[in-house]
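First up is the structure itself, then whatever we jot down about it.
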Amino acid sequence: MDTKSFPPRVHILLARDSPHAVVIRRGPAKKTCILGWDRRRHTFTVGQWLKGRIYERRCDISPDGSHWIYFAMNGKWDSETGGCWTAIARTPYLKALDLAGQSSTYYGGGLFIDNRTIWEMGGDKYLRRSGLFQQGDPDFITRYYGTGCPSVYYPRLERDGWNLRSTTINDTKYSGVLFEKELPADWKLIKVCHVWDEHLLIRKDGTIDTFSDWEWAEWADESLYYVTEGRLFQIKIINDSQLSEPVCLHDFHPYQFEAKPAPY
């Protein structure tokens with residue numbers, strides 16, 4: 001591993017009814033690796049690589065963790081997909097079961113309402129339908145956030161227990177859209193969303209700890225998970241003012257592109 005290289009960007013999708021997760025690891029810039037994470041054993045398995053970009057904020061994982069929906073771009077505008085596409089695949093792979101091509105990045109991606117029902121898998125044309133999934137109620141999303149990544153990402157946060165709040169905390173204004181999640185022992189996790197995400201922790205007494213280097217963070221499994229500098233960490237809440245020492249669960253640096261077929 002070249003320790004002087006720019007760390008990989010990492011975003012994680014946690015299944016809400018199972019201990020599975022999908023890790024989207026980007027880096028170098030035009031290569032993306034998809035990994036599966038078993039949260040019971042903290043084991044990580046490489047699925048497939050893409051020579052292109054996956055828009056992680058427009059992705060989602062099914063409640064049981066068996067499938068995921070993603071939006072990708074490879075810039076091949078004369079191809080069958082039109083250069084961008086939304087797909088549903090088995091986790092942690094890329095081979096599409098359902099596929100919709102499109103010619104721009106203004107829309108695309110979607111959410112799982114349940115294991116077989118999706119919201120807003122848009123596209124110029126459907127190229128493949130598996131028959132496994134159906135379109136859900138278009139009014140599943142009750143708050144409109146415009147087009148692009150916020151149209152999927154912000155509703156996903158709200159569905160997963162994050163509450164939209166103002167851009168001000170204790171008279172300090174933050175640049176970005178703020179979401180808040182209540183944690184045990186009266187802690188609060190704040191996600192500051194702009195081009196990237198930053199995070200704050202608020203203790204019971206109102207003390208604010210700022211973690212501008214946490215690019216992803218979430219509460220699950222009675223733990224606070226976060227990613228910084230290409231590494232995944234876990235911490236526990238001990239009481240209303242104290243956290244455990246962080247434990248590094250995985251380092252996502254030492255991965256190199258490998259062409260791998262899906263096993264289906």
If you measure only the distance, is there a donor-acceptor pair under 3.5 Å linking the side chains of [X] and [Y]?
X    : Y    : value
S62  : D64  : yes
T172 : N170 : no
D98  : S130 : yes
S79  : T81  : yes

In residues 181-189, what donor-acceptor pairs under 3.5 Å come from side-chain atoms, sequence neighbours left out?
residue : atom : partner : partner atom : Å
K181    : NZ   : D160    : O            : 2.8
K181    : NZ   : E218    : OE1          : 2.7
W187    : NE1  : N239    : O            : 2.7

Would you say [Y] ends up clustered with [X] if hydrophobic residues are merged whenever their side chains have heavy atoms under 4.5 Å apart, either directly or through other cluster members?
X    : Y    : value
L157 : Y226 : yes
V152 : W162 : no
V22  : Y55  : no
Y145 : V177 : yes
L50  : Y255 : no

Between side-chain atoms of residues 256-264 and protein atoms elsewhere (two or more places apart, or another chain), which donor-acceptor pairs fall under 3.5 Å?
residue : atom : partner : partner atom : Å
K260    : NZ   : V46     : O            : 3.4
Y264    : OH   : R90     : N            : 3.2
Y264    : OH   : K95     : O            : 2.7

So which atom in [X] and which in [Y] form the shortest heavy-atom distance, rounded to 0.1 Å?
X    : Y    : answer
P155 : L111 : CB-CD1, 4.0 Å
I113 : G136 : CD1-CA, 3.9 Å
F179 : C193 : CD1-SG, 4.0 Å
S103 : W77  : O-CZ3, 4.1 Å
H253 : E229 : CE1-O, 2.7 Å
E198 : H194 : OE1-NE2, 2.8 Å

Partner set under side chain to side chain contact (heavy atoms under 4.5 Å, CB included) for H11, not counting sequence neighbours |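 Listed in chain order: L13, E56, Y153, R156, W216.
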Ring centroid separation for F112 and H67, is it under 6.0 angstrom?
->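 No, ring centres 6.0 Å or more apart.
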Answer yes or no: is there an ion pair linking R203 with D209, defined by an N-O contact shorter than 4.0 Å?
->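 Salt bridge: yes.
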In terms of ring plane angle, is the pair Y225 and W37 parallel, tilted or perpendicular, where the classes change at 30° and 60°?
->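 The arrangement is perpendicular - the two ring planes meet at more than 60°.
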Side chain of [X], backbone of [Y]: donor and acceptor closer than 3.5 Å?
X    : Y    : value
E215 : V10  : yes
W214 : S212 : no
R58  : Y107 : yes
R128 : A96  : yes
T32  : G52  : yes
T228 : D213 : yes
R53  : F71  : no
D205 : T207 : yes

Rounded distance [0.5 Å steps], [atom1] in [X] versus [atom2] in [Y]:
X    : Y    : atom1 : atom2 : value
F44  : L249 : CZ    : CG    : 6.0 Å
I54  : Y70  : CD1   : OH    : 6.0 Å
L201 : L224 : CG    : CG    : 6.0 Å
M73  : K30  : CE    : NZ    : 9.0 Å
I88  : R129 : CD1   : CZ    : 10.0 Å
L35  : T45  : CG    : OG1   : 8.0 Å

Please lay out, stage by stage, how Y93 and W68 fare under the test side chain to side chain contact (heavy atoms under 4.5 Å, CB included).
-> CA-CA 9 Å; Y93 301 99; W68 73 302; 5.8 Å; no
Can you tell if the side chain of [X] reaches within under 4.5 Å of the side chain of [Y], non-hydrogen atoms only?
X    : Y    : value
V23  : L232 : no
Q234 : H250 : no
L127 : E80  : yes

Does CZ belonging to F140 count more than 12 external heavy atoms closer than 6.0 Å?
->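 Enclosed: over 12 neighbouring heavy atoms sit under 6.0 Å from CZ of F140.
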Should we count NZ of K51 as having more than 12 external heavy atoms under 6.0 Å?
->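 Counting neighbours around NZ of K51, 12 or fewer heavy atoms of other residues, nucleotides or ligands fall under 6.0 Å, so no.
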Which other residues end up in the same hydrophobic cluster as V195, if Ile, Leu, Val, Met, Phe, Trp and Tyr are linked when side-chain heavy atoms come under 4.5 Å apart?
->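 Listed partners: W196.
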Cluster companions of V192 among Ile, Leu, Val, Met, Phe, Trp, Tyr (side-chain spacing under 4.5 Å) |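 Via sub-4.5 Å side-chain contacts, V192 links to I169, Y174, L178, I190, L200, I202, I208.
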With side chain to side chain contact (heavy atoms under 4.5 Å, CB included) as the test, would you mind laying out the steps for L243 and I237 before giving the verdict?
-> CA-CA 5 Å; L243 299 172; I237 292 177; 3.7 Å; yes
Sorted by first residue and then second, give each salt bridge (Lys or Arg N to Asp or Glu O under 4.0 Å) pair with at least one member in residues 132-145; sequence neighbours left out.
->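 Only R143-E158 qualify under salt bridge (Lys or Arg N to Asp or Glu O under 4.0 Å).
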Starting from the C-alpha separation in whole Å, work towards a yes-or-no answer on side chain to side chain contact (heavy atoms under 4.5 Å, CB included) for N163 and R165.
-> CA-CA 6 Å; N163 298 309; R165 60 172 297 160; over 6 Å; no
Verify side chain to side chain contact (heavy atoms under 4.5 Å, CB included) between L132 and R116, making sure each step is shown before the conclusion.
-> CA-CA 7 Å; L132 295 173; R116 296 300 183 192; 4.0 Å; yes
